[in-house]
Amino acid sequence: MPKSRIRKKADYTPPPSKQAAAIKLNSRSWVAPVMLAMFVLGLAWIVVFYVTNGSLPIEALGNWNIVVGFGFIAAGFGVSTQWK
């Protein structure tokens, strides 16, 4: 059986190196404390509402106090989108 021809490959030359651009993440230091404060405030609002049988946070709101507590928690999630 005849031998196949051997192709001569060119020597590998790496592409010219690019200067790596430093990625600068503007870490906002206020985001994490505000996010955690909103979570804790919302949770505390709901817990106080249940422990006091609806008389403490704002009695006039009645069961809407739960919505206010979850509103604080939702605001915490909204703030968390700013975290880098």
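- Considering all non-hydrogen atoms of both residues, M35 and S80 come closest at SD-CB, 3.1 Å.
- Put simply, CD1 on I46 and CG on L41 are 10.0 Å apart, with the number rounded to the nearest 0.5 Å.
- When hydrophobic clusters are built by joining Ile, Leu, Val, Met, Phe, Trp and Tyr residues whose side-chain heavy atoms come closer than 4.5 Å, directly or via intermediates, W64 is not grouped with V47.
- F72 and V40 fall into different hydrophobic clusters, where Ile, Leu, Val, Met, Phe, Trp and Tyr are joined by side-chain heavy atoms under 4.5 Å apart, directly or via other members.
- Taking every heavy atom of both residues into account, A75 and M38 meet most closely at CB-CE, 3.9 Å.
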Could you walk me through whether W45 and F70 pass side-chain contact (heavy atoms from CB on, under 4.5 Å), step by step? CA-CA 9 Å; W45 192 287; F70 278 112; over 6 Å; no
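- In the hydrophobic clustering of ILVMFWY residues, with side-chain heavy atoms under 4.5 Å counting as a link, L61 and F49 come out together.
- Transitive grouping of hydrophobic side chains (ILVMFWY, heavy atoms separated by less than 4.5 Å) brings Y50 and V67 into a common cluster.
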Test log, rule side-chain contact (heavy atoms from CB on, under 4.5 Å), inputs W30 and V79: CA-CA 10 Å; W30 60 269; V79 170; 4.1 Å; yes
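- Placement of L43 and F39 in two distinct hydrophobic clusters is found when ILVMFWY residues are connected by side-chain heavy-atom separations under 4.5 Å, directly or transitively.
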